[in-house]
Amino acid sequence: MYLLAIESSCDETAAALFELTERGSAPRLLAEEVASQVELHQAYGGVVPELAAREHMQSLPLLTEKVLSGQGLTLRDCDVLAVTRGPGLKGCLLMGVCFAKGVCVASGARLVGVNHIEGHLLAPCMDNPELRYPFLGLVVSGGHTEIVLVKGFGAYELIARTLDDAAGEAFDKSANLLGYPYPGGAALAAEADQAAGSRFRLPRVMRSTAGFSFSGLKTAIAVLIQKHRNELSDPVLRGELAYAIQDAIVDTLCFKVKQAMKVTGITSVAVSGGVAANAYLRKKLAQLKGVKLYLPGPGHCLDNAAMVGYVGALRFERGECMDLGADVRSRWPVEACI
Ligand code: KG4
Ligand code: ZN
């Protein structure tokens, strides 16, 4: 059996193809493609939902054709379609879900709706078959920052969630203040990694509560950069600013993970989402006492369809198909997925 997975919740269009073998064995990833819309949105400093949706409409058939033809297959060979149903931008989700529904209506394939965050959360399971439940999942992306206790597949308990900005947003907004085009998170990290340290130290926020909050830090960063606005061409100063920003964001994430490990007694930590690509975060998390760290494989930190297909295959195995009349869910907390 073949499963085709579709992701279109934000500004990446992605398709992946899996082979489903016998019950209980992991789905086999055969092919995957991602088309990033980053350049399209750069001129606007952020994702423009309408433009993103139109771009998905153009890319979905092309990417689908690419993953299938590479394996000598066509849409008629797909038995299951797994598609991101939420959370995300409504118009973008609608593109992927309507595309998948169209295929299912035409071919009779079954449809499975997948939660995007559950995809991120379980991406480390897909790439590290030795990872066992229970584990703590740290999802850090441009839209989400949460720590989830993963007791088993579909058994999720929220430990902490951001009250305002996500960690990726904190990186991107800071990068913007330093003059990097959207999304500047990776560029800021690269500049920070060149610096040996920093003369600056930004505040550590929300230490006494369970949740995350990056808005106070964002203000402190804006004030600091404003203070040094006339010196931003100095590479040493820029490096030190970037270092201080990255250090403050990463330290906040590590502090909460350490707290969660202490409270739950669980030492397996799986990190996912775009910010999981950050080398400094990986290094600092790996230094936590007693931690066993699991990361997604290459290409599976940022938005991708493989993580959607992986969860879709597990949901399909449990008989959880989506009605062809069902709507998208632009808001859909991961702990509501059971
Ligand atoms: O998971 P993702 O592709 O999209 C969402 O679901 O939001 O994550 C994108 C986010 C962006 O904010 C981007 O700047 C950030 O991940 N990101 C990074 C790095 N690579 C990507 N942030 C910090 N360091 C990186 N190396
Ligand atoms: Zn994502």
Side-chain angles (χ1 to χ4, degrees), residues 5-16 34 36-37 41 46-53 55-56 60 81-101 111-124 137-150 153-170 172 183 185 211-214 270-276 296 300-312 314-315 320 322-323 326-338:
I6 301 289
E7 156 64 34
S8 71
S9 63
C10 191
D11 60 345
E12 258 109 25
T13 321
V34 181
S36 170
Q37 303 179 4
H41 300 289
V47 179
V48 183
E50 168 86 16
L51 293 181
E55 194 73 8
H56 288 311
L60 279 169
L81 267 280
V83 64
T84 301
R85 186 180 179 185
L89 298 169
K90 199 159 196 170
C92 294
L93 293 167
L94 283 170
M95 285 298 160
V97 169
C98 286
F99 179 84
K101 283 185 179 184
L111 182 64
V112 181
V114 172
N115 180 296
H116 180 87
I117 306 303
E118 190 181 21
H120 278 307
L121 194 59
L122 300 191
L138 171 68
V139 182
V140 269
S141 73
H144 305 273
T145 297
E146 43 205 61
I147 298 175
V148 180
L149 168 56
V150 183
F153 178 63
Y156 311 126
E157 184 184 322
L158 182 71
I159 304 272
R161 171 171 287 148
T162 184
L163 302 175
D164 39 59
D165 287 354
E169 253 177 307
D172 294 344
F212 293 98
S213 167
F214 289 102
V271 193
S272 55
V275 183
H300 295 162
C301 288
L302 291 157
D303 288 350
N304 64 90
M307 66 184 196
V308 175
Y310 179 76
V311 170
L314 298 179
R315 296 249 162 229
E320 295 174 12
M322 180 174 155
D323 195 90
D327 201 354
V328 298
R329 291 175 170 166
S330 50
R331 288 179 187 276
W332 189 9
V334 72
E335 63 275 21
C337 295
I338 48 168

Determine the minimum heavy-atom distance between Val112 and Gly312, stating which atoms define it. CG1-O, 3.9 Å
Which residues pass the salt bridge (Lys or Arg N to Asp or Glu O under 4.0 Å) test with Glu50, not counting sequence neighbours? Arg54
Tyr156 (side chain) donor-acceptor with Gly154 (main chain) under 3.5 angstrom: yes
More than 12 heavy atoms of other groups within 6.0 Å of Lys90 NZ: no
Do side-chain atoms of Thr84 reach the backbone of Gly86 as a donor and acceptor pair under 3.5 angstrom? no
So, do Thr13 and Gln37 sit near enough that their side-chain heavy atoms are less than 4.5 Å apart? yes
The test is side-chain contact (heavy atoms from CB on, under 4.5 Å); show your working for Val311 and Asn115 and say whether it passes. CA-CA 8 Å; Val311 170; Asn115 180 296; over 6 Å; no
In terms of heavy-atom contacts, Ala160 and Gly211 come closest through CB-CA, 4.3 Å
Does the Arg85 side chain pair with the main chain of Asp327, one donor and one acceptor, at a distance under 3.5 Å? yes
Distance-minimising heavy-atom pair for His120 and Asp303: NE2-OD1, 3.0 Å
Less than 4.5 Å apart, side chain to side chain, heavy atoms only: is that true for Ile6 and Val308? no
Start with the C-alpha gap between Arg161 and Glu335, add the side-chain angles, then the distance that decides, and say whether side-chain contact (heavy atoms from CB on, under 4.5 Å) holds. CA-CA 11 Å; Arg161 171 171 287 148; Glu335 63 275 21; 2.8 Å; yes
Of all residues at least two apart in sequence or in a different chain, which pass the salt bridge (Lys or Arg N to Asp or Glu O under 4.0 Å) check with Glu118? Arg315
For the pair His56 (side chain) and Ser8 (backbone), establish whether a donor and an acceptor sit closer than 3.5 Å, ignoring hydrogens and angles. yes
Given side chains that start at C-beta, do those of Thr162 and Glu169 come closer than 4.5 Å, heavy atoms only? no
Could you give the distance from CE (Met322) to CG (Leu81), rounded to the nearest 0.5 Å? 10.5 Å
Counting distance only, does the side-chain N/O of Glu7 pair as donor-acceptor with the main-chain N or O of Ser9 below 3.5 Å? yes
Please round to the nearest 0.5 Å and tell me the distance separating atom OG of Ser330 and atom CG of Leu89. 9.0 Å
Check the pair Leu122 / Phe153 against side-chain contact (heavy atoms from CB on, under 4.5 Å), numbers first and verdict last. CA-CA 9 Å; Leu122 300 191; Phe153 178 63; 3.5 Å; yes
Quick one: closest heavy-atom pair of Gly142 and Ala166, and the distance? O-CB, 3.6 Å
How close do Ala52 and Val47 get, counting heavy atoms only, and between which atoms? CB-CG1, 4.0 Å
Minimal heavy-atom distance between Ala167 and Thr145, with the atoms involved, is N-OG1, 2.7 Å
Leu93 side, atom CG; Cys10 side, atom SG - distance, nearest 0.5 Å: 9.5 Å
Phe214 vs Phe212 aromatic rings, parallel, tilted or perpendicular, using cut-offs 30° and 60°? parallel
Is the side chain of Glu157 donor-acceptor paired with the backbone N or O of Leu149 at a distance under 3.5 Å, no angle test? no
With rounding to the nearest 0.5 Å, note down the distance linking CD1 in Ile117 to SG in Cys337. 9.5 Å
Main-chain N/O of Pro87 paired with His116 side-chain donor or acceptor, under 3.5 Å: no
Are the side chains of Leu158 and Pro333 in touch, meaning some heavy atoms are under 4.5 Å apart? no
